Trainee: 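Let me give you the structure first, and then I'll get to my questions.
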Amino acid sequence: INIESLDNIDIPKDWKIKKLHSLTKKIGSGITPNGGEKVYKKEGHPFLRSQNIGWGILLTDNVVFIDDEIHNSFKSTEIQTDDVFLNITGASIGRSAVANVFVKGGNVNQHVCIIRTKKEELSPYFLNSFLLSRKGQNLIESYQAGGNRQGLNFEQIKSFKIPLPSLPEQKAIAQLLSTWDDVITKTQSLIAKKEQRKKWLMQNLLTGKKRLKGFGGEWKEVKLNDISEIDKLSLSNQTPDDYSFQYLSLSDVDAGATEIKSEKLSFKGSPSRARRIVRKGDVLLATVRPNLQGFLIIRDDVKDLIASTGFAVISCTKINNEFLYQFLFTKNLMNQIESFLTGSNYPAINSSDVRDLKVPLPSMEEQNVISEVLQKADTEIQLLKNKMGKLKEQKKGLMQVLLTGKKRLKIK
């Protein structure tokens, strides 16, 4: 990446490019108090760490506090409203956000840089948007230093070159982008509420603590082996060596996955020892850490798909496969798996233990209705996630054209 490239980008004639130090009153980070976490309080002055700086937002759920004595010894790093925070070390380098009234009067640690702009020249919200843009992130990446530990120093930050429209245009751009942020934040909040509701439904419906209208009677606890076929070998040893198939490995399934990453599936020839064909309706349980939370249900037609030995392939015979799939995510199931784990480097659950996993089972009719309720909840969550993904892409597109002047806003 050419650090000087901002000098040559195509920006409007009435824009300027200035180094950040000429547009700021302060660029600096804080320090961690002696004693570390032992001196943190439940109230007092907010003390921001890198985990509190998100992508454009402050993450204050786990913020800690320091008392007056420590705060007064850190007065040079006291936070003011509209300070821009930039993470300068570690895996979260490049994340930035703007200070609000909640953190005013607080402090930051050494992993967070405070950038205090001259507001008559540079809007802090415009700067925050620039830092999060593709141009800003490329600039940050070009300056990363420190060998294995990525990092930025203050001199590098001061030398950042900012494409600068007039202050009214800066504010208009930042205001427009903030409307997308507001919708994204509201959508994220709605997703969290829907996920919490889904969790409540699972905890209650899949254990019988709450019954749906019209259902009664006792549930029975059964072993998985009694209601399904597990790791059934579908290909014979005589299968021709030139038999072709798609191979599903653990890397093709995310934690808590609902779909196969079909673009990752590899095409192979001889089936060798992998002889378990996966069919529509099968439920897959990852049996090796760190993938133990990887559950998958095959809802679509598949052809010649063979699972690796990192999965238990469960073909449901006397249980609704959607009911079983949902049950795999419960604390009940995970507690059972934890009790069966063997091995230290790569803990795993073996096939015989998978067969012994116990499932609380209502009638098939009740299983069907519970599955429909939970699937509907999944669909609602996925639609919201799809919406959020589109909103984020739209915002990226806006940032790309507005922060470079390719598209201009009408300033009243």
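Values in this document were obtained by computation on a predicted structure and should not be read as measured data.
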Trainee: Is it the case that over 12 heavy atoms from other parts of the model lie below 6.0 angstrom from the NZ atom of Lys118?
Mentor: yes

Trainee: Is there a salt bridge (Lys or Arg N to Asp or Glu O under 4.0 Å) between Glu322 and Arg299? Walk through the geometry before answering.
Mentor: CA-CA 9 Å; Glu322 292 283 352; Arg299 292 195 175 111; 2.8 Å; yes

Trainee: Answer yes if the side chains of Asp353 and Gln336 hold a donor-acceptor pair under 3.5 Å, and no otherwise.
Mentor: no

Trainee: Contact between Asp181 and Lys395 at the side-chain level, heavy atoms closer than 4.5 Å - yes or no?
Mentor: yes

Trainee: Keeping Asp282 on the side-chain end and Arg279 on the backbone end, is there a donor-acceptor pair under 3.5 Å?
Mentor: yes

Trainee: Grab the two heavy atoms, one from Leu132 and one from Gly94, that are nearest each other, plus how far apart they are.
Mentor: CD2-O, 4.1 Å

Trainee: Is Leu20 close to Ile157 at the side-chain level, that is, under 4.5 Å between some pair of heavy atoms?
Mentor: yes

Trainee: Do Thr77 and Ile31 come within less than 4.5 Å of each other through their side chains, counting heavy atoms only?
Mentor: no

Trainee: Considering non-hydrogen atoms only, spot the tightest contact between Tyr125 and Ala174 and give its length.
Mentor: CB-CB, 3.7 Å

Trainee: Can a side-chain donor-acceptor contact be found between Asn350 and Ser352 if the only test is distance below 3.5 angstrom?
Mentor: yes

Trainee: Going by the side-chain contact (heavy atoms from CB on, under 4.5 Å) test, name the single residue among Val103, Val64, Asn107 that passes it with Leu48.
Mentor: Val103

Trainee: Look up atom CD in Glu78 and atom CG in Asn72, then write down how far apart they are to the nearest 0.5 Å.
Mentor: 8.5 Å

Trainee: For Leu206 versus Phe323, what's the shortest heavy-atom pair and its separation?
Mentor: CD2-CE1, 3.6 Å

Trainee: On a heavy-atom basis, which atom in Gly405 and which in Trp15 lie closest, and how many Å separate them?
Mentor: N-CH2, 3.3 Å

Trainee: Are the side chains of Lys135 and Leu139 in touch, meaning some heavy atoms are under 4.5 Å apart?
Mentor: no

Trainee: Would the number of heavy atoms belonging to other residues, nucleotides or ligands and lying under 6.0 Å from CD of Glu43 be above 12?
Mentor: no

Trainee: Would you say the side-chain atoms of Thr379 pair up with the backbone N or O of Gln375, donor to acceptor, closer than 3.5 Å?
Mentor: yes

Trainee: How long is the span from the NZ atom in Lys158 to the NZ atom in Lys19, to the nearest 0.5 Å?
Mentor: 12.0 Å

Trainee: Can you name the closest pair of heavy atoms from Lys210 and Leu205 and give their distance?
Mentor: O-CD2, 3.6 Å

Trainee: Test your reading of the model: is there a side-chain donor-acceptor pair from Asp226 to the backbone of Val222, 3.5 Å cut-off?
Mentor: no

Trainee: Among Thr24, Asp82, Asp83, which residue meets the side-chain hydrogen bond (donor to acceptor under 3.5 Å, both in side chains) test with Arg116?
Mentor: Asp83

Trainee: For salt bridge (Lys or Arg N to Asp or Glu O under 4.0 Å), just list the numbers for Glu195 and Lys385, CA-CA rounded to whole Å, side-chain angles, deciding distance to a tenth of an Å, and then say yes or no.
Mentor: CA-CA 11 Å; Glu195 288 179 335; Lys385 287 182 176 179; 3.3 Å; yes

Trainee: Checking Gln203 against Lys209 for the side-chain contact (heavy atoms from CB on, under 4.5 Å) test, could you report, in this order, the C-alpha distance in whole Å, the side-chain angles of both residues, the deciding distance, and whether it holds?
Mentor: CA-CA 8 Å; Gln203 289 172 346; Lys209 291 180 182 178; 5.8 Å; no

Trainee: Taking the six-membered ring of Phe85, is the NZ or CZ of Arg95 close enough (under 6.0 Å from the centre) and on axis enough (within 45°)?
Mentor: no

Trainee: Minimum heavy-atom separation for Val63 to Pro46, with atom names?
Mentor: CG2-CB, 4.4 Å

Trainee: Roughly how far, to the nearest 0.5 Å, is the CD1 atom of Ile319 from the CD1 atom of Ile227?
Mentor: 3.5 Å

Trainee: Would the distance check show the side chain of Gln156 and the main-chain N or O of Asn153 forming a donor-acceptor pair, the cut-off being under 3.5 Å?
Mentor: yes

Trainee: Between the side chain of Ser228 and the main-chain N/O of Asn225, is any donor-acceptor distance below 3.5 Å?
Mentor: no

Trainee: How about Asn386: does its CG atom have over 12 heavy atoms from other parts shown lying under 6.0 Å from it?
Mentor: yes

Trainee: Would you kindly say whether Ser159 and Tyr143 are connected by a side-chain donor-acceptor distance under 3.5 Å?
Mentor: yes

Trainee: To the nearest 0.5 Å, what is the distance between CD on Gln400 and OG on Ser133?
Mentor: 7.5 Å

Trainee: May I ask you to decide whether Glu393 forms a salt bridge with Lys396, counting only side-chain N to carboxylate O separations under 4.0 Å?
Mentor: yes

Trainee: Applying salt bridge (Lys or Arg N to Asp or Glu O under 4.0 Å), run through Glu169 and Arg408 and close with a yes or a no.
Mentor: CA-CA 8 Å; Glu169 189 170 359; Arg408 306 293 295 274; 2.7 Å; yes

Trainee: Answer yes when Arg355 and Glu229 have at least one side-chain N-carboxylate O distance shorter than 4.0 Å, and no when they do not.
Mentor: no

Trainee: Does Gly217 offer a backbone N or O that forms a donor-acceptor pair with the side chain of Arg211 under 3.5 Å?
Mentor: yes

Trainee: Is it the case that the side chain of Asn321 and the backbone of Cys316 share a donor-acceptor pair, with hydrogens and angles ignored and the cut-off at 3.5 Å?
Mentor: no

Trainee: May I ask you to decide if Thr32's main-chain N or O and Gln110's side chain share a donor-acceptor pair within less than 3.5 Å?
Mentor: yes

Trainee: Go through Tyr40 and Phe47 one step at a time and tell me if the ring pair (Phe, Tyr, Trp, His ring centres under 6.0 Å) criterion holds.
Mentor: CA-CA 8 Å; Tyr40 295 156; Phe47 187 71; 5.8 Å; yes

Trainee: Looking just at side-chain N and O atoms, do His45 and Asp68 make a donor-acceptor pair shorter than 3.5 Å?
Mentor: yes

Trainee: Between Leu333 and Phe327, is there a side-chain heavy-atom distance shorter than 4.5 Å?
Mentor: yes

Trainee: Would Ile140 and Leu86 count as a side-chain contact (heavy atoms from CB on, under 4.5 Å) if you check the C-alpha gap in whole Å, the side-chain angles of each, and the deciding distance to 0.1 Å?
Mentor: CA-CA 10 Å; Ile140 290 167; Leu86 174 64; 4.0 Å; yes

Trainee: Quick one: does Leu164's side chain get under 4.5 Å of Leu23's, heavy atoms only?
Mentor: yes

Trainee: Please tell me if the side chains of Ser50 and Thr89 come closer than 4.5 Å, counting only heavy atoms from C-beta onward.
Mentor: no

Trainee: Counting distance only, does the side-chain N/O of Gln80 pair as donor-acceptor with the main-chain N or O of Gly105 below 3.5 Å?
Mentor: no

Trainee: Side chains of Leu127 and Ile162, heavy atoms from C-beta outward: is any pair under 4.5 Å?
Mentor: yes

Trainee: Donor-acceptor pair, distance only, cut-off 3.5 Å: does the side chain of Gln170 make one with the backbone of Phe126?
Mentor: no

Trainee: More than 12 heavy atoms of other residues, nucleotides or ligands under 6.0 Å from CG of Asp182: yes or no?
Mentor: yes

Trainee: Run Ile230 and Val313 through side-chain contact (heavy atoms from CB on, under 4.5 Å) and show every step you take.
Mentor: CA-CA 6 Å; Ile230 301 169; Val313 180; over 6 Å; no

Trainee: More than 12 non-hydrogen atoms from neighbouring residues, nucleotides or ligands closer than 6.0 Å to CG on Asn62, yes or no?
Mentor: yes

Trainee: Run the side-chain contact (heavy atoms from CB on, under 4.5 Å) test on Lys161 and Ile17 for me, step by step, so that the C-alpha distance in whole Å, both residues' side-chain angles and the decisive distance to 0.1 Å come before the verdict.
Mentor: CA-CA 6 Å; Lys161 293 179 179 178; Ile17 291 179; 3.8 Å; yes

Trainee: Charged N to carboxylate O below 4.0 Å: is that the case for Lys198 and Asp378?
Mentor: yes

Trainee: Just verifying a value: how many Å separate Leu391 CG and Thr187 OG1, rounded to the nearest 0.5 Å?
Mentor: 5.5 Å

Trainee: Output the distance between atom CD1 (Ile191) and atom CG (Leu383), rounded to the nearest 0.5 Å.
Mentor: 10.5 Å

